[in-house]
Amino acid sequence: RDGVAFVIHVRQTEIELTIEKNLTGNKSPYGKAVFDFEIVDQNTGEVRYVHLDLTSSDTASESITVTANHVYKIKELSNMNYEQVGEIQWSPKEPELVGSDATTRALEMSGWKLTENVTATFTNEAIPTKIPSDGSTAENKLKKNADGQYTLYFEQRKLGADEQPVEGE
């Protein structure tokens, strides 16, 4: 024979990226404790989002499946009633930061090369403010009418059992 034909199959391994959010101190009475994260695969350009709702607890997490050995940009989107405390905590270990200034680790990080299952933990605390946002004063509701149509109305939001009114209201 002149030559041998063969096929090489390359399998990209999938791993779990877990985004975890912790709150310290009291929750803001002016804004819901909801947080969004943008995860961009720098190799493919794919953008994914993780939404965490901490309105009834002080911690939450969600895992997504990502491709191993790709570089990911992970960004916590802003919530005007909360600020990040300290740096992101990684478990079991911090992945390699690729292609960027390693000092940009606050809200907008650069490419982390993920090679194994990993958890990125973000900790936030409430910012003292009286600026209502995120459904803190009114919630949109739909009411079904007798004719089967819906009417949009607004209902004043009630404080939860763990929320206290801010002095001066």
Side-chain angles (χ1 to χ4, degrees), residues 7-142 157 160 162-163:
V7 177
I8 299 175
H9 294 278
V10 178
R11 191 178 112 210
Q12 294 183 325
T13 305
E14 293 181 336
I15 58 173
E16 294 291 315
L17 166 63
T18 301
I19 302 293
E20 180 177 273
K21 170 61 75 181
N22 294 319
L23 292 181
T24 62
N26 296 323
K27 291 184 180 158
S28 171
Y30 291 99
K32 287 187 176 179
V34 292
F35 302 90
D36 295 295
F37 297 86
E38 179 182 75
I39 297 105
V40 180
D41 183 330
Q42 303 289 62
N43 296 69
T44 65
E46 178 184 15
V47 180
R48 297 177 62 191
Y49 294 92
V50 169
H51 175 78
L52 298 176
D53 184 340
L54 281 77
T55 54
S56 60
S57 70
D58 289 336
T59 187
S61 65
E62 182 176 329
S63 297
I64 60 171
T65 302
V66 296
T67 304
N69 297 310
H70 279 205
V71 175
Y72 293 88
K73 182 176 181 181
I74 304 167
K75 179 180 178 183
E76 179 179 3
L77 304 178
S78 67
N79 178 325
M80 66 186 283
N81 297 104
Y82 293 87
E83 65 184 352
Q84 186 173 336
V85 178
E87 291 190 11
I88 292 112
Q89 300 300 308
W90 294 92
S91 176
K93 66 181 182 181
E94 183 175 347
E96 176 187 3
L97 183 61
V98 177
S100 181
D101 179 358
T103 62
T104 60
R105 295 185 184 184
L107 287 179
E108 188 168 346
M109 302 180 311
S110 296
W112 296 99
K113 185 174 183 180
L114 303 184
T115 59
E116 61 184 337
N117 293 342
V118 66
T119 298
T121 302
F122 296 76
T123 301
N124 289 58
E125 67 183 5
I127 300 170
T129 179
K130 290 188 176 185
I131 302 170
S133 66
D134 303 314
S136 61
T137 58
E139 293 184 355
N140 299 341
K141 304 275 184 162
L142 286 174
R157 185 178 161 287
D162 64 338
E163 297 176 301

So does [Y] get a backbone contact from the side chain of [X], meaning a donor-acceptor N/O pair under 3.5 Å?
X     : Y      : result
Asp58 : Thr24  : no
Gln89 : Glu87  : yes
Asn79 : Lys32  : yes
Asn22 : Thr123 : no
Glu76 : Ser78  : no
Ser63 : Ile19  : no
Lys27 : Ser57  : yes

Ile74 and Ile88, any side-chain heavy atoms less than 4.5 Å apart: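 Answer no - side chains too far apart.
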Close side-chain approach of Asn81 to Ile127, heavy-atom, < 4.5 Å: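 Asn81 vs Ile127: side chains apart.
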Candidate pair Val40 and Glu46, rule side chain to side chain contact (heavy atoms under 4.5 Å, CB included), full reasoning: CA-CA 6 Å; Val40 180; Glu46 178 184 15; over 6 Å; no
I need the [X] [atom1] to [Y] [atom2] distance, nearest 0.5 Å.
X     : Y      : atom1 : atom2 : answer
Asn43 : His70  : CG    : NE2   : 4.5 Å
Leu97 : Lys113 : CG    : NZ    : 12.5 Å
Leu17 : Glu116 : CG    : CD    : 12.0 Å
Thr59 : Leu23  : OG1   : CG    : 8.0 Å

Nearest heavy-atom neighbours spanning [X] and [Y]:
X      : Y      : value
Asp36  : His51  : OD1-ND1, 2.6 Å
Asn124 : Gln84  : ND2-N, 3.5 Å
Pro92  : Asn117 : CD-O, 3.5 Å
Leu54  : Ala60  : CD1-CB, 3.6 Å
Tyr72  : Thr67  : OH-N, 2.9 Å

Close aromatic pair by centroid cut-off 6.0 Å: Phe122 and Phe37: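 They qualify: ring centres under 6.0 Å apart.
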Parallel, tilted or perpendicular: rings of Trp90 and Trp112 (30°, 60°):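 Ring orientation, 0 to 90° scale: tilted.
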Qualifying residue, where the test is side-chain contact (heavy atoms from CB on, under 4.5 Å) with Lys21 and the options are Val50, Asp53, Leu52: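 Single side-chain contact (heavy atoms from CB on, under 4.5 Å) partner of Lys21 among Val50, Asp53, Leu52: Leu52.
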Ser61 side chain to Glu20 side chain, donor-acceptor N/O pair below 3.5 angstrom: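 No donor-acceptor contact under 3.5 Å links the two side chains.
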